[in-house]
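Only one structure is covered here, and it is reproduced in the block below.
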Amino acid sequence: QVQLVESGGGLVQPGGSLRLSCAASGPIVLINTMAWYRQAPGNQRELVASITRGGSTNYADSVKGRFTISRDDTKKMVYLQMNSLKPEDTAVYYCNAQIFNFQTRVGDYWGQGTQVTVSS
């Protein structure tokens with residue numbers, strides 16, 4: 001019943017910017033860590049950025065200084081601002097959240113993914 005839905009992906013030229021959004025809905029009491037992962041064809045899914053409930057962030061070395069993760073607990077959303085995009089950033093980006101509710105206790109949830117393509 002908990003659902004994560006990403007939006008904001010698309011085609012952008014190298015050096016451009018995109019802002020990804022992820023909205024959580026359903027029976028949610030508390031959201032712990034939220035994160036963005038990405039997966040390119042033939043590659044493993046990798047952690048791009050994460051943010052704790054307290055606001056502490058972590059980034060993959062490949063995106064440090066270019067990407068910014070943020071969250072809005074009132075809206076139950078997490079964002080990924082992506083600047084200075086490179087072709088190697090091309091991937092399907094997935095939202096992930098660790099969520100507590102009274103039915104499932106702690107659960108790990110994933111969005112459906114949104115395609116980001118960086119190309120001329």
Which distance, rounded to the nearest 0.5 Å, do you find between the [atom1] of [X] and the [atom2] of [Y]?
X	Y	atom1	atom2	answer
Leu4	Ser25	CG	OG	7.5 Å
Tyr93	Met82	OH	CE	5.5 Å
Gln13	Ser120	CD	OG	6.0 Å
Ser62	Asp89	OG	CG	7.0 Å
Ser7	Tyr79	OG	OH	9.0 Å

Problem set entry | Which atom of Asn43 lies closest to which atom of Gln39, heavy atoms considered | O-NE2, 3.1 Å
Exercise. Which atoms form the tightest heavy-atom contact between Gly8 and Leu18, and what is the distance?
Worked result: O-CD2, 3.7 Å
Do [X] and [Y] touch side chain to side chain, with heavy atoms closer than 4.5 Å?
X	Y	answer
Ser21	Met77	yes
Ser119	Leu11	yes
Arg38	Tyr94	no
Thr114	Val92	no
Ile99	Val106	no
Met34	Gln98	no
Phe67	Lys64	no
Ile69	Trp36	yes

Problem set entry | Gln44, CD atom: more than 12 neighbouring heavy atoms under 6.0 Å | no
Has [X] got a side-chain atom pairing as donor or acceptor with [Y]'s backbone, closer than 3.5 angstrom?
X	Y	value
Asn83	Gly16	no
Asp72	Lys75	yes
Asn101	Pro27	yes
Tyr59	Arg66	no
Glu6	Gln112	yes

For this session: Take Gln81 and Ser17 through the side chain to side chain contact (heavy atoms under 4.5 Å, CB included) test and state the conclusion after the steps.
Result: CA-CA 8 Å; Gln81 178 66 47; Ser17 297; 4.0 Å; yes
For this session: Determine, step by step, whether Thr52 and Asn32 satisfy the side chain to side chain contact (heavy atoms under 4.5 Å, CB included) criterion, reporting the C-alpha distance in whole Å, the side-chain angles of both residues, the deciding distance to 0.1 Å, and the verdict.
Result: CA-CA 6 Å; Thr52 68; Asn32 292 318; over 6 Å; no
Exercise. Stepwise, does the side chain to side chain contact (heavy atoms under 4.5 Å, CB included) test hold for Ile51 with Val78?
Worked result: CA-CA 9 Å; Ile51 183 167; Val78 62; 4.2 Å; yes
Exercise. Checking ring pair (Phe, Tyr, Trp, His ring centres under 6.0 Å) for the pair Trp110/Tyr37: CA distance, chi angles, key distance, verdict?
Worked result: CA-CA 10 Å; Trp110 294 87; Tyr37 289 75; 4.9 Å; yes
For this session: Could you state whether Ile31 and Leu20 fall into the same hydrophobic cluster, counting links through intermediate Ile, Leu, Val, Met, Phe, Trp or Tyr residues with side-chain heavy atoms under 4.5 angstrom apart?
Result: yes
For this session: Under the side chain to side chain contact (heavy atoms under 4.5 Å, CB included) rule, what do Lys76 and Ile28 come out as? Steps first, then yes or no, please.
Result: CA-CA 9 Å; Lys76 300 177 184 176; Ile28 298 169; 4.1 Å; yes
